[in-house]
Protein chains: 2
Amino acid sequence: MAEDEAQDLSRIAAARPAPSPDISPAPRMPEIPRYLQVFQDLRARISGGRYPVGSMVPTEAELCAEFAVSRHTVREALRRLVDQGYVERRQGSGTQVLSAEGGSLFTQSMRSLSELFQYALDTDFAITAMVMTAVDEPTARLIGAEPGSSWLALHGIRGTRDDGVPISHTVVYVHERFGWLRDDFPSCHGPFYALIEQRAQVTVMETLQTITALPMPDASRQVFGDQTPGAHVLRVVRRYLDRRGSTLTASINDHPADRFTYTMRIKRDGER
Amino acid sequence: MAEDEAQDLSRIAAARPAPSPDISPAPRMPEIPRYLQVFQDLRARISGGRYPVGSMVPTEAELCAEFAVSRHTVREALRRLVDQGYVERRQGSGTQVLSAEGGSLFTQSMRSLSELFQYALDTDFAITAMVMTAVDEPTARLIGAEPGSSWLALHGIRGTRDDGVPISHTVVYVHERFGWLRDDFPSCHGPFYALIEQRAQVTVMETLQTITALPMPDASRQVFGDQTPGAHVLRVVRRYLDRRGSTLTASINDHPADRFTYTMRIKRDGER
DNA sequence: CTTCATTTGTCCGTATGTATG
DNA sequence: TCATACATACGGACAAATGAA
């Protein structure tokens, strides 16, 4: 029966180049490209359960035969499936179904993690203290470190570049194996993780970010000069992880709650 | 002269399949694929300013000649440039440089906007009141509406599906033109925007989300039974916009600050 | 408005390299 | 070791969109 499908499709394909008679504009079917037809068919099979999640999609050769198209066309269709997060391909192994619904419908994207904050471009970080410390248990949990392990802690204040209005009281923790970079941090203007990546030949693969609200700590009260009894801060903790999931560097940013808002824009992707 | 380059390179290329003599393991360069070499070269030209933003990249034919590779290889390289946001291609026109730095390096992605909250899957929304209201000026600013315009306001409490522990006190605003869906909201289990999309043939193209901390409003105090003097809430406001940027629906979610953390995971794209 | 050359899009065929199991 | 399956790379051909003559 697969054979029949193949023959049908190839006959249709063969009929395609034939010019329209001349009269009759003909309803003019949109003429979907072959690779898109194959893509849509495969996608339907995946979401329909014929190729369950975890199973293998037929090989390129089999799909060529079934749809009666060239390998190039099949690969074009499979490429779409990969791009949209339906399948994963591995040389020598095959094509495995990853998801029945495809990848993400919404994404928030940014060129630099600093862009998470719209203000980030126009701020400066003034370091007030830089000490190698053994992190206590709560801090270790916060930044994903081993309790008692050594981290270089950069205490400082992030403020607007123009008038120096303080935006956050922050502590940056850098793993001790990057301690030799300590002299470079004070003159660093971009994000710290970028400096570490560049100098230490490591890659930040993922970041975890948590946002909480809590009563303003005393240290922050001094920074912001705020003695209001019920004052709170918005605390943003960011952890920068390598490909193995261990923390390279982390930062704890306390923003005065009454004049700080965290904003993000999330867009729908693709044409689905 | 391009001819000479082509001949030289093709001769090198032709020499490649030749098996290594036998002795001498040879340093074994990583053997970067040709299409990747072309891609990297073109990318360097773009970021280096040789192909400025807005200008046209040489045609496929010209690139084939210059690099002495087949059109297939050039197209593979150009595909990367497109995928990574450097260029845009139009049939019949050519390949234009879009950006000197490429697209985004980091993305947070999700299938449903509810996934912004890790808990979202296991929560229920209990509607306590549903009224058509004319929004006042502060609320209008918050949800991106015209002051005084009419919105269907769904007041309610989101709680865990298991034990009903309240997670947030929320108000959902639905534009009056979707008011005819009011009878469907109480039985809606997924996100409201999805219901509206499905029934009203509209598409959410973008969402704006803002997070602030503020002293707990009286209404929320009653919901959470919290009379602590300095109690705060984490307020998450989400606006769901159509392709023209106008708000279809919005929600204001107040979470008790002492037992709520907003978490997001952001991954690096691609292999750059 | 039509014609025409240009440029990318689609599609086919073949061959070899390389990772997998 | 060996067959399998995907990755890379070459070649050719025609269609469709574009923009200028």
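Please read all numbers here as calculations on a predicted model, not as lab measurements. Just so we're on the same page: letters track the sequence lines, and every chain starts at 1. No hydrogens, no waters, no symmetry mates; every other heavy atom, side chains included, goes into these values.
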side-chain contact (heavy atoms from CB on, under 4.5 Å) partners for [X], two or more places apart:
| X | answer |
| --- | --- |
| B:Ser70 | B:His72, B:Thr73 |
| B:Pro58 | B:Tyr51, B:Glu62, B:Leu63 |
| A:Arg75 | A:Glu60, A:Arg71, A:Arg89 |
| A:Ser47 | none |

Quiz item: Does a side-chain heavy-atom distance below 4.5 Å link A:Leu42 with A:Phe67?
Solution: yes
Nearest-Å distance, [atom1] ([X]) to [atom2] ([N])?
| X | N | atom1 | atom2 | result |
| --- | --- | --- | --- | --- |
| B:Glu76 | D:dC6 | CD | C1' | 13 Å |
| B:Arg34 | C:dT16 | CZ | C1' | 13 Å |
| B:Glu88 | C:dT8 | CD | P | 13 Å |
| A:Gln96 | C:dG21 | CD | P | 10 Å |
| B:Phe67 | D:dC10 | CZ | C1' | 18 Å |
| B:Met56 | D:dG19 | CE | C1' | 11 Å |
| A:Arg80 | C:dT10 | CZ | C1' | 11 Å |
| B:His72 | C:dT14 | NE2 | P | 16 Å |

Using a cut-off of under 3.5 Å, enumerate the N/O to N/O pairs linking the protein to nucleotides 2-7 of chain C.
residue, atom, partner, partner atom, Å
C:dT7, O2, B:Gly92, N, 3.2

Practice problem: Go through the side-chain N and O atoms of B:Tyr35 and B:Arg80 and say whether any donor and acceptor fall under 3.5 Å apart. | Solution: yes
Quiz item: Does the side chain of A:Arg71 get closer than 4.0 angstrom to OP1 or OP2 of D:dA7 through an N or O atom?
Solution: no
Quiz item: Excluding sequence neighbours, so at least two apart, what forms side chain to side chain donor-acceptor pair (under 3.5 Å) with A:Ser246?
Solution: A:Asp242
Quiz item: Does D:dT1 have a Watson-Crick or wobble partner in any strand here, with both distances under 3.5 angstrom, and which is it?
Solution: none
Quiz item: So what does B:Ser70 touch, heavy atoms closer than 4.0 Å: a base, only the sugar-phosphate, or nothing?
Solution: base
Exercise. Check every atom of D:dT8, D:dA9, C:dC11 against the side chain of A:Arg75 and return the nucleotide holding the closest atom.
Key: D:dT8
